[in-house]
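It should be emphasised that the depicted structure is a prediction, and the values quoted were computed from it without experimental measurement.
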Amino acid sequence: MAFPPQFLDEIRARVPLSEVVGSGVRLQRRGAEYVGLCPFHQEKTPSFTVVESKGFYHCFGCGAHGDVIRYVMESEKLSFPETVERLAGRAGLAMPERSPAQRERERRVATLHDVLEEACEWFRRQLAGKAGAGARDYLAGRGVERGTWERFRLGYAPEGPRGLIRHLETRGIARDLMAEAGLIAGGRDGREPVDRFRQRLVFPIGDRGGRTVGFGGRAMDDHPAKYLNSPETPVFHKGHVLYGFAEARKPAHDAGTVIVVEGYMDTVVLSQAGLRHVVAPLGTALTEGHLALLWSMADEPVLCFDGDTAGYQAACRAVDRAFPVLKAGKSLRFALLSGGQDPDDLVRARGAGAMREVIDGAIPLMDMFWRSRTLGQSFATPERRAALERDLMVSSERIADTTVRHYYRGEIRQRLRDAFAGSWSSDRRRRMRQRGRLDRRRMDVWSHGRSVEVTPRLPGGPAGPRGMAERALIALPLLNPGLLERVAESLAAVTFVDPRHESMQKCLVDALGSGENLDSAALADHLKAAGLAGLLKEISGTAAASLYVIDSVDMAESLWRHAHELHQCRDVLGEEIHADAGAWEDNPTDEAWQRLIAKVVEREGWQARVPASGNDG
C-alpha cells in the first residue's frame, strides 16, 4: 500500500537509525559517523557506515544502502507495510487512514492467514489423534521424533472427503475463503467440493515471518501424486517461498551458511540432527526468487541434491539458473552425494557427522559448471574441444555482472589450457609459429595485445581510459540533474585512484542524504562547502562541461553505467586481449585470430565512448 510521504518522513525523523542498527550490530563512533561489520554480508573488517545526521547507512563492501525503513525491511525480512507499521509504533505515530479498497485487500489477506492457521491447527490435532496413527508410525520409521514433528507443526489430513470443510464451517468460514486459501478442490458443475489434502502427512509452509501461507502433503497410500502442494493463492507463491525459512534464518546467520535440500523430509531430518540451517524449495526448480531469499541468509548457500541422476540434473539446472543473477560475493556451492542417497538416508545410516563432512566438502559453482559440461564427455578431437569452448563462453555471457563474468571467462580459458595442454607438442607449436606469415598490420595488433599497458600517474590523477572513466563517474551526476539519485549506490561503492575524485564522491553521496532538491547549483554549493571549488571549476568549465552535459537523464545514466563498467573492470579487455594473443600464439587458427581482432576493436570502441577532456587530471 502507499503511505503519505510526510508520514514516512516523520518516521525517519523520530526513529534514530543508529539505535535500530545498533540493536543487532556493534557500532563504533568515528566522528559524525558510526561504523561496524555489515549485517548483509560476511566480513572481518568493518565497511558498514551509519550517517545519523543524514539518515542513511552504506556498506562499502557489498553496496547495501538505504534509510531506517529499508534497513528494517532487509534485516528482518518484512514487507513494506509491516515495516512501516512496526516503526510507526516505535515512533508513537498512528497509522494513516487507508482507502476502503486498501482496507478490504488487507482484511482479505489477514483473513486468509487466519483460515490457513485454523487449518494448520486442525491438521495437527489429526496427527496427534486416532486418525493419525499410521502417519505417526511412518514418521517413527523415518526416525522423526515427536518433539521434531511438533516443532515443525506437522499434521495429518484424514482420508474422508470433507473433514476439513466441515470443521472450518463450524468456525463460520465460508467456502469461497476455503477455495481462495487453496484448501478445497472441485465444486464445479454442481458437485460438492472436497478437501484438497486427504490421507496425507501435512507440512505447513510459512512465509519469511513464519505465518502459514500453504501446505505440502505426502501421500500415505499409493496415490500417484506422492507430494501435493497448495495452489498459487494471494498469499502463496511457490517461486518465492522456501520450506523452513523462518526456522533456519537465525541458525543460518550463526553458521554463516545455509543448506538447501530437495524435500520436506530431508529438511526435518537434518534439522533434528542438529543442522538447523536447512531449507528446501517446494518440489520445484530453484527460481530467482529462491536465490534472492538464500542470499539474504548467506553469501554462498550449499545446494545438496539427491545422489541420483535426477539430483545431478537438478544441480546442473541450478547452475544455469544462477548465472544471470550472480553478483560479486554472491555464489553457490554444491554438496554431491553418491550412490543414489539423499540427505535423509545419509544421516540415518551414518549420522550427522557424515552429513557435515559432505557439506564441508562442497565444491564451488565454477567447479560444478565445468563438471556439468565435461563429465562423461570425450574431447579427443579439435572440433569437440572447440565446441566445448564455445559452449562454456556462450554460457558465461549470461552472467550479467561484468566483473564476475570477466573472472569466469578467465577461469574458463585457464581450465581449457590446463585440460588440453598435451594436445599440441612443443615441436608442433614451434613449427606452427614459424610457418605463420604475418603482415605488418597483424604483427602490430599482436604486439598491442601482448604488451602490458602502464598507466602513468600524473600530479592531477591517473591518465588514460581509467582516468577518463573516473572523471566521468563524478562529472555526469554533478552536471545532469536527477542522475545522482539513480546511480548513488553504485557511485558510493567505487574505489577511486585520484584522491580528489574520492573526496567529490563522498561529498555527492552525503549531499544525497540531505533531503534537499539537488539540482546542479545545490550540488555545487555542497562541493564548495567541502573545499572542492577547484575541482568543481575544472569540471564545470565551459569546455569541460560540454563533454558531460547530456540531452536526457536516461542517456546520461547509460553513459555513466558504461564508464562505471570500464572503471570497475580495470581495462578487462586489455587482459582478455593479452590472454587471446597467447592462445593464438599457441594455436594460430583463424578462429583464434578473429577472436583476438574482435577484442582489440571492441576495446578501441569502449575507449572512444568515454568523454576525453584532453586533461586527464
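At distances below 3.5 Å, not a single donor-acceptor pair connects side-chain atoms of R317 with backbone N or O atoms of V319. Proximity of a side-chain donor or acceptor of D299 to a complementary backbone N or O of Q42 within less than 3.5 Å is detected. A donor-acceptor contact shorter than 3.5 Å is absent between the side chain of W149 and the backbone of L154. Formation of a donor-acceptor pair under 3.5 Å by the E300 side chain with backbone atoms of S331 is not found in this model. Formation of a donor-acceptor pair under 3.5 Å by the Q272 side chain with backbone atoms of E145 is found in this model. Using a distance-only test at 3.5 Å, with no hydrogens or angles considered, a donor-acceptor pair links the side chain of H290 to the main chain of K238. Formation of a donor-acceptor pair under 3.5 Å by the S230 side chain with backbone atoms of F215 is found in this model. No side-chain donor-acceptor contact under 3.5 Å links R398 to the backbone of P324. Side-chain N or O atoms of N480 include one that pairs as donor or acceptor with a backbone N or O of L476 at under 3.5 Å. Remark: the backbone N or O of I399 is paired with a side-chain donor or acceptor of R405 at under 3.5 angstrom.
A252 approaches M297 most closely through the heavy-atom pair CB-CE, 3.9 Å. Of all the heavy atoms in L523 and L484, the pair that sits closest is CD2-CD2, 3.8 Å. Taking both residues in full, the closest heavy atoms of A328 and V404 are given as N-CG2, 3.6 Å, listed atom of the first, atom of the second, then distance. Between L270 and P343, the shortest heavy-atom distance links the atoms CD1-CB, 3.6 Å.
H58 has its ring centre no less than 6.0 Å from the ring centre of F56. Taking the six-membered ring for Trp, F369 and F323 have ring centres closer than 6.0 Å. For F203 and F123, the gap between ring centers reaches or exceeds 6.0 Å.
Counting only N and O atoms by type, the side chains of S18 and E52 include a donor and acceptor under 3.5 Å apart. Between the side chains of H406 and T403, no donor-acceptor pair is found at a separation under 3.5 Å. For the residue pair E43/S47, the side-chain donor-acceptor check at 3.5 Å is satisfied. Residues R151 and S271 bring a donor and an acceptor atom of their side chains to less than 3.5 Å of each other.
With respect to the salt-bridge test (charged N to carboxylate O, under 4.0 angstrom), the residues R14 and E10 qualify. The pair E85-R90 fails the salt-bridge criterion, with no side-chain N (NZ, NE, NH1 or NH2) lying under 4.0 Å from an Asp/Glu carboxylate O. Between R124 and E121, at least one side-chain N (NZ, or NE/NH1/NH2) sits under 4.0 Å from a carboxylate O, which counts as a salt bridge. Residues E502 and K506 are not paired through a salt bridge, judged by the lack of any N-O separation under 4.0 Å between the basic side chain and the carboxylate. By the 4.0 Å N-to-carboxylate-O rule, R153 lies too far from E247 to be salt-bridged with it. The pair E117-R211 does not meet the salt-bridge criterion, since no charged nitrogen lies less than 4.0 angstrom from a carboxylate oxygen. For the pair D401 and K327, the salt-bridge criterion is not met [side-chain N within less than 4.0 Å of a carboxylate O].
Relative orientation of the Y57 and H65 rings is tilted, given thresholds of 30° and 60° on the angle between their planes.
K330 NZ: more than 12 foreign heavy atoms inside a 6.0 Å radius. Annotation: H237, atom NE2; neighbour count of heavy atoms from other residues, nucleotides and ligands within 6.0 Å is above 12.
Atom-to-atom distance recorded for D207:CG and F236:CZ is 11.0 Å, nearest 0.5 angstrom. Taking OG1 of T267 as the start and CZ of R276 as the end, the distance is 13.5 Å to the nearest 0.5 Å. Taking CD1 from I363 and CZ from R333, the interatomic distance works out to 10.5 Å, rounded to the nearest 0.5 Å. Note that the CZ atom of F334 and the CG atom of L303 stand 4.5 Å from one another [nearest 0.5 Å]. Atom CD1 of I359 and atom SG of C304 lie 4.5 Å apart (nearest 0.5 Å). Separating the CG atom in L294 from the CD1 atom in I259 is a distance of 12.0 Å, to the nearest 0.5 Å.
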Notebook entry, point to check: How far apart are the C-alpha atoms of Y264 and N229, what are their side-chain angles, what is the distance that settles it, and do they pass the side chain to side chain donor-acceptor pair (under 3.5 Å) test?
Noted result: CA-CA 11 Å; Y264 301 110; N229 288 323; 2.4 Å; yes
Next item on the list: Check the pair Y243, V268 against side-chain contact (heavy atoms from CB on, under 4.5 Å), reporting the backbone distance first and the verdict last.
Entry: CA-CA 10 Å; Y243 180 67; V268 171; 3.9 Å; yes
Next item on the list: Evaluate the criterion salt bridge (Lys or Arg N to Asp or Glu O under 4.0 Å) for residue pair R70 and E74; output intermediate values, then yes/no.
Entry: CA-CA 6 Å; R70 176 162 292 278; E74 296 295 330; 3.3 Å; yes
